[in-house]
J.: 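I have a structure here, written as structure tokens, and I will follow up with some questions on it.
Order of the sequence lines fixes the chain letters, A, B, ..., with proteins taken first and strands second; residue numbering starts at 1 for each chain. We use all heavy atoms of the structure for the numbers below, so side chains are in, but hydrogens, waters and symmetry mates are not.
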Amino acid sequence: MSTIRIATWNINSLRLRLPLLHRLVEALQPDVLCLQETKVPDELFPAEGVAELGFGHALHWGMKGYNGVAILSRLPLERLEAPDWCGKSDCRHISARVAGDVTVHNFYVPAGGDVADRAVNEKFGHKLDFITEARAHFEAQAPARSVLVGDLNIAPLEHDVWSHKQLLDVVSHTPVETEGLLAWQRAGFQDALRHFVPEDQKLYTWWSYRNRDWRASNRGRRLDHVWTTPDLTPLSHQILVDARDWPQGSDHVPVCVEIGV
DNA sequence: ATGGTAGGTCTCCTA
């Protein structure tokens, strides 16, 4: 059995934070690095800078201003076709085959706006439709030897948020979202991070920019995920919490899982 | 109950 290290990070602007990737590579040594919110159109993708980090292979799908996903890899990548989620072509999913027959899915699920009611907030409706479509896609085509990572913008479990009770009405932790995400997961995946950290322990990957002292208040949420199909073996994990203090850091921290393939 | 911060971009949208 060989191993592969797959990391995911919502970088919140690839061009702004490209220098921070040196720290990430040093700390996590990923073979494959999936990024979300790259916010860079394809014609402006910094391929040279990425290659200097050791990622000789890169796939990207970006647009002006918003969203954007990329897969950086030390190993060759074969791009796979992806559905056009909600018919929006808005750069939220990219997938590839790596290491022979391992499939990697990199998702950036819509955040969903502020009001958890699709009747008055179409962004929330978009989010619900997106996870419903994703669930149906994997139910129709059962995944095998696959890793699904990304910023899924939902903290599904009680201890994926700092206060379950206080966040039940807050977008990212409402029952319709958490149940929808878990139904998508059950279409063939296992939660790799919860394989290592029991469900009764707090686990976060995101802390709002709006908290003055994020570490002291520690009002985090687990919005970033690594899912694996049962035919792959999660061997170890790392959540780079210290990255939240990097100069000009993202509000998300990098997550890495080593997988036996 | 409210506002708090950050990035891209063109004045405000999204998170």
Side-chain angles (χ1 to χ4, degrees), chain A residues 8-21 23-24 34-46 49-50 60-70 85-86 88-93 106-118 120-131 149-156 160-163 165-174 176-178 180-181 204-225 240-255:
Chain A
T8 178
W9 191 27
N10 179 320
I11 194 170
N12 189 15
S13 175
L14 171 56
R15 285 175 290 179
L16 184 71
R17 299 190 220 283
L18 183 59
L20 293 182
L21 288 181
R23 294 185 184 219
L24 185 154
C34 296
L35 301 175
Q36 304 87 34
E37 281 203 272
T38 56
K39 295 183 176 177
V40 58
D42 287 327
E43 61 271 22
L44 298 177
F45 186 84
V50 160
H60 47 84
W61 190 33
M63 59 192 280
K64 188 172 162 183
Y66 310 107
N67 309 338
V69 285
W85 305 105
C86 301
K88 287 184 180 288
S89 303
D90 55 356
C91 307
R92 295 183 178 275
H93 174 218
N106 177 16
F107 275 94
Y108 175 53
V109 170
D114 288 330
V115 181
D117 178 357
R118 67 181 307 154
V120 297
N121 172 18
E122 65 182 31
K123 284 186 280 193
F124 193 69
H126 176 212
K127 182 179 199 175
L128 297 181
D129 291 344
F130 191 102
I131 60 178
V149 308
D151 175 6
L152 305 185
N153 265 318
I154 297 171
D160 290 339
V161 294
W162 63 276
S163 170
K165 280 187 182 173
Q166 285 179 257
L167 288 170
L168 273 171
D169 296 325
V170 174
V171 174
S172 74
H173 195 62
T174 65
V176 65
E177 293 171 87
T178 58
L181 189 76
Y204 312 138
T205 65
W206 175 89
W207 291 262
S208 171
Y209 281 128
R210 298 176 190 178
N211 286 327
R212 296 202 182 284
D213 187 339
W214 70 273
R215 205 185 281 270
S217 58
N218 199 23
R219 296 185 166 190
R221 304 177 202 172
R222 184 168 72 113
L223 303 180
D224 303 276
H225 297 269
L240 204 53
V241 173
D242 289 346
R244 188 61 181 76
D245 275 333
W246 286 348
Q248 251 192 331
S250 169
D251 45 353
H252 295 252
V253 298
V255 173

J.: By nearest atom, which of the nucleotides B:dG7, B:dT5, B:dA15 is closest to the A:Arg212 side chain?
T.: B:dT5
J.: Looking at residues at least two apart in the chain, or sitting in another chain, which of them share a side chain to side chain contact (heavy atoms under 4.5 Å, CB included) with A:Asp129?
T.: A:Cys86, A:Arg118
J.: How long is the line joining CD of A:Gln36 and P of B:dG7, in whole Å?
T.: 17 Å
J.: Please report, rounded to the nearest Å, how far the C1' atom of B:dT5 is from the CG atom of A:Asp114.
T.: 14 Å
J.: Applying side chain to side chain contact (heavy atoms under 4.5 Å, CB included), can you list everything that pairs with A:His60, at least two apart in sequence or on another chain?
T.: A:Asp42, A:Phe45, A:Ala70
J.: Nearest whole Å is fine: how far is B:dA15 P from A:Tyr108 OH?
T.: 5 Å
J.: Return the value, rounded to whole Å, for the distance between atom CZ of A:Arg219 and atom P of B:dG4.
T.: 15 Å
J.: Roughly, in whole Å, what's the span from CG in A:Leu152 to C1' in B:dA15?
T.: 16 Å
J.: Using ring-ring contact (aromatic ring centres under 6.0 Å, His included) as the criterion, list what pairs up with A:Trp214, not counting sequence neighbours.
T.: A:Trp207
J.: Whole angstroms only, please: what is the NZ-C1' distance between A:Lys88 and B:dT14?
T.: 14 Å
J.: Which atom pairs link the protein and nucleotides 9-11 of chain B when you take only N or O atoms and keep those under 3.5 Å?
T.:
from: B:dT9; atom 1: OP1; to: A:Gly65; atom 2: N; distance (Å): 3.1

J.: Excluding sequence neighbours, so at least two apart, what forms side chain to side chain contact (heavy atoms under 4.5 Å, CB included) with A:Asp242?
T.: A:Arg215
J.: Is there a donor and acceptor pair closer than 3.5 Å between the side chain of A:Arg17 and the base of B:dA6?
T.: no
J.: List for me each residue that meets side chain to side chain contact (heavy atoms under 4.5 Å, CB included) alongside A:Asn121, sequence neighbours excluded, and say none if there are none.
T.: A:Val115, A:Lys123, A:Phe124
